[in-house]
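One structure is given here, and the rest of the page talks about it.
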Amino acid sequence: MLENLNSIREEAISMIKESASLKDCEDIRVAMLGKKGRVTEILKNMKKLPPEEKKVLGKEANILKKEIEEKINRKKLELASEEKEKRLKEETIDVTEPAPELKIGAKHLITQVIDEVLGIFTDMGYEIVEGPLVDTVFNVFDGLNSPANHPSRDMTDTFYISKDNVLRPHTSSVEIRTLMSREAPFKIVSPGRCFRCDTPDATHSPMFHQIEGMIVDEGITMAHLKGTLDHMAKKLFGSETRTKFRPHHFPFTEPSAEMDVSCFKCGGKGCSMCKGSGWIEILGCGMTHPNVHGVGEVDTEKFTGFAFGMGVERIAMLKYGIDDIRYFYENDMRFIEQFK
Ligand code: DAH
């Protein structure tokens, strides 16, 4: 039996020496020390031997087991480091190779303009709220005091999803949502996409963006409306900008107005940008109609308010001299990259 151990030792040592991979090492370990390995078998068969022999053989077999284990582990470490060396030699990095150009993203011009306008209002304490793109006919028309026969309700102007739901044609629906979900006083601004059945051309798109604003509080007058929107215009177009309010009609406000800003290209003298008038229309506004406040059960004896809505594309086009609205949606990098 002892001789047997010696021949196993020699065999194992030469196998380990010749092994060329981690897998070879593992195979040797299984063949010698695994459940049915040769050293294991000897340890198992020992039970039958007389105690004296068992003692000697057991000791020797365990020494051999340890020895083989150690040799295999050492070989494994050697092989692993050889493999690493080899890999490091093969995998060279060419540090002179030009790196791929890194393109850093930026906000789309529409998002930049929205952020700028929202910033002007949040600085004045307005809260930003958002509404869904699909809204009810009530929220986009009836709640806003729009007469049942108003032309904007027409299928040719508004995208109907069903009899009672539409793709919102303006952000004014958020006024109704806010009035129904909050108690006065409040002041909010709400940006987002709107949709109308318009054929695309240089100034029309079936999808566009608006920013809505609304304040409901005690003692709000037309003077607050003018002061607030004049402040916005100066921030947006420069401190020399003057504003002018022209009477207009909207079902949801009384009185209603459109606000013009003095042309920031010619300063008001008249040029191609303002079509010679010196003024550019940028938004609709007015004192919110009591019928609209009524939807939110606002105490109309106590509270008044104003609201406004403006087209984001129009403002971006004026501010950056863009002559076709379709550029915004074509994702042509040559256009987009100009406004990083
Ligand atoms: N909703 C109007 C539009 O889409 C814009 C507007 C005008 C909003 C007057 C208002 C407002 O809140 O008071 O043309």
Side-chain angles (χ1 to χ4, degrees), residues 107-118 130-135 137 139-141 144 146-147 149-161 165-175 189-213 233 236-237 246 248-253 256-261 263-265 271-277 279-286 307-336 338-339:
K107 284 185 179 174
H108 191 280
L109 183 57
I110 292 296
T111 310
Q112 290 181 37
V113 171
I114 289 175
D115 285 352
E116 191 180 353
V117 175
L118 293 183
E130 281 184 297
L133 306 188
V134 174
D135 214 331
V137 170
N139 287 344
V140 307
F141 294 129
L144 286 161
S146 293
N149 60 356
H150 196 277
S152 62
R153 291 186 176 230
D154 209 314
M155 299 280 267
T156 54
D157 272 318
T158 300
F159 290 110
Y160 281 75
I161 299 288
N165 295 289
V166 297
L167 283 176
R168 65 178 183 189
H170 52 188
T171 41
S172 303
S173 48
V174 183
E175 295 187 14
V189 271
S190 186
R193 287 181 197 206
C194 302
F195 305 85
R196 286 183 200 173
C197 302
D198 276 327
T199 307
D201 64 22
T203 53
H204 294 88
S205 163
M207 188 281 296
F208 55 97
H209 299 75
Q210 284 192 339
I211 298 174
E212 194 77 15
L236 204 53
F237 298 111
R246 276 179 295 100
H248 200 75
H249 171 77
F250 297 106
F252 25 93
T253 43
S256 303
E258 276 189 336
M259 181 175 89
D260 295 348
V261 293
C263 179
F264 31 84
K265 194 169 170 196
C271 67
S272 59
M273 176 106 135
C274 54
K275 300 196 182 84
S277 74
W279 295 97
I280 297 172
E281 181 257 309
I282 66 157
L283 57 78
C285 57
F308 56 90
M310 64 186 114
V312 179
E313 280 79 354
R314 180 164 165 76
I315 290 184
M317 288 170 82
L318 291 168
K319 210 174 149 165
Y320 296 93
I322 297 159
D323 58 12
D324 195 317
I325 196 170
R326 289 168 293 196
Y327 285 132
F328 290 121
Y329 319 115
E330 283 169 352
N331 286 337
D332 184 335
M333 294 304 282
R334 290 170 301 180
F335 172 78
I336 290 180
Q338 291 178 45
F339 307 103

Can you check side-chain hydrogen bond (donor to acceptor under 3.5 Å, both in side chains) on Tyr327 and Gln338, steps first, answer last?
-> CA-CA 12 Å; Tyr327 285 132; Gln338 291 178 45; over 6 Å; no
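- The salt bridge (charged side-chain N to carboxylate O under 4.0 Å, His left out) check on Lys275 picks up nothing, with sequence neighbours excluded.
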Intermediate values then yes/no, side chain to side chain contact (heavy atoms under 4.5 Å, CB included), Ile161 and Val166 | CA-CA 5 Å; Ile161 299 288; Val166 297; 5.6 Å; no
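- Contact check for Pro206 versus Phe195: no side-chain heavy atoms found under the 4.5 Å cut-off.
- When the salt bridge (charged side-chain N to carboxylate O under 4.0 Å, His left out) test is applied to Asp157, no partner is found at least two apart in sequence or on another chain.
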CA sep, side-chain torsions, deciding dist, call: Lys319, Glu116, salt bridge (charged side-chain N to carboxylate O under 4.0 Å, His left out) = CA-CA 12 Å; Lys319 210 174 149 165; Glu116 191 180 353; 2.9 Å; yes
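- Side-chain contact between Leu109 and Phe328 is present, with at least one heavy-atom pair separated by less than 4.5 Å.
- Rounding to the nearest 0.5 Å gives a distance of 10.0 Å between CZ of Phe308 and CD1 of Ile282.
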Please lay out, stage by stage, how Ser172 and Glu212 fare under the test side-chain hydrogen bond (donor to acceptor under 3.5 Å, both in side chains).
-> CA-CA 6 Å; Ser172 303; Glu212 194 77 15; 2.9 Å; yes
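- Interatomic distance, Ile211 CD1 to Leu118 CG, rounded to the nearest 0.5 Å: 5.0 Å.
- In this structure, the side-chain contact (heavy atoms from CB on, under 4.5 Å) partners of Cys197, at least two apart in sequence or on a different chain, are Phe159.
- By the 4.0 Å N-to-carboxylate-O rule, Asp198 lies too far from Arg196 to be salt-bridged with it.
- Here the closest heavy-atom approach between residue Ser173 and residue Leu144 is recorded as N-CD1, 4.1 Å.
- Other residues, nucleotides and ligands contribute over 12 non-hydrogen atoms within 6.0 Å of the CZ atom of Arg246.
- Residues passing the ring pair (Phe, Tyr, Trp, His ring centres under 6.0 Å) test with Phe250 are His248, Phe252, sequence neighbours excluded.
- Side-chain atoms of Asp260 and Ile280, non-hydrogen and from C-beta on, never get closer than 4.5 Å to each other.
- Using modelled atom types, no side-chain atom of Glu258 and backbone atom of Glu281 make a donor-acceptor pair closer than 3.5 Å.
- Proximity of Arg153 to Val137: side-chain heavy atoms (C-beta onward) are separated by under 4.5 Å at one or more points.
- Scanning all heavy atoms of the two residues, the minimum distance from Tyr329 to Met207 falls at OH-O, 3.3 Å.
- Minimum heavy-atom separation, Arg326 to Pro200: NH1-O, 4.0 Å.
- Checked against side chain to side chain donor-acceptor pair (under 3.5 Å), His204 has the following partners two or more places apart in sequence or in another chain: Asp201.
- Side-chain atoms of His108 come within 3.5 Å of backbone atoms of Ile110 as a donor-acceptor pair (strictly under, hydrogens ignored).
- Side-chain atoms of Asp135 and Phe141, non-hydrogen and from C-beta on, never get closer than 4.5 Å to each other.
- Applying the side chain to side chain donor-acceptor pair (under 3.5 Å) test to Ser256 and every residue at least two apart in sequence or in another chain returns Thr253.
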In sequence, state the C-alpha distance, the side-chain angles, and the governing distance for Thr203 and Ile325, and then conclude on side chain to side chain contact (heavy atoms under 4.5 Å, CB included).
-> CA-CA 5 Å; Thr203 53; Ile325 196 170; 5.7 Å; no
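- At least one donor-acceptor pair closer than 3.5 Å links the side chain of Gln112 to the backbone N or O of Lys107.
- Formation of a donor-acceptor pair under 3.5 Å by the Thr158 side chain with backbone atoms of Ser152 is found in this model.
- Two residues are said to be in side-chain contact when any heavy atoms from C-beta on lie closer than 4.5 Å; Trp279 and Cys274 fail this criterion.
- Between Asp324 and Phe335, every side-chain heavy-atom pair lies at or beyond the 4.5 Å cut-off.
- Side chain of His170 to backbone of Val140: a donor-acceptor contact under 3.5 angstrom is found.
- Of all non-hydrogen atoms in Gly309 and Leu283, the two that sit nearest each other are O-CB, 3.4 Å.
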Step by step, would you call Ile322 with Phe339 a side chain to side chain contact (heavy atoms under 4.5 Å, CB included)?
-> CA-CA 11 Å; Ile322 297 159; Phe339 307 103; 3.9 Å; yes
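- Using modelled atom types, one side-chain atom of Gln210 and one backbone atom of Thr171 make a donor-acceptor pair closer than 3.5 Å.
- Side-chain contact between Arg168 and Val134 is absent, with no heavy atoms from C-beta onward closer than 4.5 Å.
- The aromatic rings of Phe237 and Phe264 sit parallel to each other, their planes meeting at less than 30°, with 60° as the upper class boundary.
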Show your working on side chain to side chain contact (heavy atoms under 4.5 Å, CB included) between Val113 and His209 and close with a plain yes or no.
-> CA-CA 10 Å; Val113 171; His209 299 75; over 6 Å; no
